K.L.:
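The structure under discussion is supplied below as structure tokens; questions concerning it will follow.
For reference, positions follow the sequence shown, starting with 1. Computed from heavy atoms alone, side chains included, the values below leave out hydrogens, waters and symmetry copies. None of the values given here were measured: they were computed from a predicted structure.
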Amino acid sequence: MEKEFVNREEEMEIDLLELLSEVLSHWKMVVLIAVLFAGIFFGYSKYMIVPQYESSSELYVLSKSTSITSLADLQMGTNLTNDYVEVVLGRPVLEQVIKNQNLDYTAKALKSKVTLVNPDNSRILRITVTDASPVEAKRIADEIAVVASQFIAEKMDQEPPTIIQQGYADGEPVSPNIKKNTVLGGMLGAVLVVMIICISTLMNDTIMTPADMEKKVGLTVLGSIPLEEKELNSIKKSKKSKKRKKSSRK
């Protein structure tokens, strides 16, 4: 049993080495396809995908009458922040924003552009809007902050949250990441070529040498029959004729 296990391990190592040598023998193709895929992904990310920008406004959820020295007051501010997350993304607030800014969106479409983040251990609510236009993203983020603050004061009988930061329109696009997409495209192309080479090598059952016969069939080659002189001459003539045809074409 131990001998069989060792033999299997040796065969596996030989197969892996053959696969590696086969891949290395086609390294030019691997590099070419990797560069080709990288170029395709670069072009698609650069010229086909519309860049997206983000703009964020921030609300501070702590009333003027609340003392920040009290642990209970801080806990209340945290709970209010969780409630306000639901309010800001509610239909009344979003529909009012659409009406005020004459936006060509439904409430559902606008909601998909808005992300709310509450940093840990804080009473800050960050309203982030993503849009193809940085100016549009800023305008919507600022309006959501204003409308949400007014809605909370009127409907929830609370002091309105303070707007501590308005949006900005000078940020870099957040997507697409052209460098990342280009690298991923090159890696994908290289992996695909390596997979094709490995599969074609493993599926190739052609016997070319006595070693292939012993490995693939399990039979030992006792001898080989040489070609006759006529066959050798015909092979040489065919090679010469092919060379002449190539030279004449040139």
K.L.:
Linking I/L/V/M/F/W/Y whenever any side-chain heavy atoms sit under 4.5 Å apart, do Tyr53 and Val114 land together?
P.N.:
no
K.L.:
Take atom OH of Tyr168 as the centre, draw a 6.0 Å sphere, and report whether it contains more than 12 heavy atoms from other residues, nucleotides or ligands.
P.N.:
yes
K.L.:
Where is the tightest heavy-atom contact between Ala141 and Ser55, given as atom of each residue plus distance?
P.N.:
CB-O, 3.7 Å
K.L.:
Find the distance between CD1 (Ile40) and CG (Leu188) and round it off to the nearest 0.5 Å.
P.N.:
10.0 Å
K.L.:
Please check if Val23 and Met29 belong to a single hydrophobic cluster, counting links between Ile, Leu, Val, Met, Phe, Trp and Tyr side chain heavy atoms closer than 4.5 Å.
P.N.:
yes
K.L.:
Between Lys113 and Asp131, is the side-chain contact (heavy atoms from CB on, under 4.5 Å) condition met? List the steps.
P.N.:
CA-CA 7 Å; Lys113 291 177 170 288; Asp131 194 84; 3.0 Å; yes
K.L.:
For Phe42, does its backbone N or O pair with a side-chain atom of Ser45 as donor and acceptor, under 3.5 Å?
P.N.:
no
K.L.:
For the atom pair CG (Leu89) and CG (Leu94), what is the distance rounded to the nearest 0.5 Å?
P.N.:
6.5 Å
K.L.:
Please determine whether side-chain contact (heavy atoms from CB on, under 4.5 Å) holds for the pair Asn177 and Lys179, giving the CA-CA distance in whole Å, both sets of side-chain angles, and the decisive distance to 0.1 Å.
P.N.:
CA-CA 6 Å; Asn177 191 329; Lys179 291 182 180 179; 4.0 Å; yes
K.L.:
If you round to the nearest 0.5 Å, how far is CD of Glu143 from CG of Leu110?
P.N.:
10.5 Å
K.L.:
For the hydrophobic clusters of this structure (ILVMFWY residues joined by side-chain heavy atoms under 4.5 Å, transitively), does one cluster hold both Val35 and Trp27?
P.N.:
yes
K.L.:
Indicate the atoms forming the closest heavy-atom contact of Tyr60 with Ile164, along with that distance.
P.N.:
CB-CG2, 3.6 Å
K.L.:
Mind checking the CG-CG spacing from Leu59 to Asn118? Nearest 0.5 Å is all I need.
P.N.:
11.0 Å
K.L.:
For the residue pair Asp142 / Gln166, report whether a side-chain donor-acceptor contact shorter than 3.5 Å exists.
P.N.:
no
K.L.:
Would you say the side-chain atoms of Arg139 pair up with the backbone N or O of Gln101, donor to acceptor, closer than 3.5 Å?
P.N.:
yes
K.L.:
Just by distance, with hydrogens left out, do Ser56 and Thr128 show a side-chain donor and acceptor under 3.5 Å apart?
P.N.:
yes
K.L.:
Give the cluster check for Phe151 versus Val88: same hydrophobic cluster or not, with ILVMFWY residues linked at side-chain heavy-atom distances below 4.5 Å.
P.N.:
yes
K.L.:
Do you know the tightest heavy-atom contact between Asn181 and Pro176?
P.N.:
ND2-CB, 3.9 Å
K.L.:
Might you point out which heavy atoms bring Leu116 and Leu125 nearest each other, and give the distance in Å?
P.N.:
CB-CD1, 4.4 Å
K.L.:
With clusters defined by side-chain heavy atoms of hydrophobic residues (ILVMFWY) lying less than 4.5 Å apart, directly or transitively, does Ile144 cluster with Val146?
P.N.:
yes
K.L.:
Among Ile127, Ile98, Val129, which residue satisfies the side-chain contact (heavy atoms from CB on, under 4.5 Å) criterion with Ile140?
P.N.:
Val129
K.L.:
Going through the distances and angles, do Ile152 and Val87 end up as a side-chain contact (heavy atoms from CB on, under 4.5 Å)?
P.N.:
CA-CA 8 Å; Ile152 290 169; Val87 173; 4.1 Å; yes
K.L.:
CD/Gln52 to CD/Glu54 distance, rounded to the nearest 0.5 angstrom?
P.N.:
9.5 Å
K.L.:
Look up atom CD1 in Ile178 and atom OH in Tyr47, then write down how far apart they are to the nearest 0.5 Å.
P.N.:
8.5 Å
K.L.:
Take Val30 and Ile197, measure what side-chain contact (heavy atoms from CB on, under 4.5 Å) needs, and give me the verdict at the end.
P.N.:
CA-CA 10 Å; Val30 175; Ile197 293 173; 4.2 Å; yes
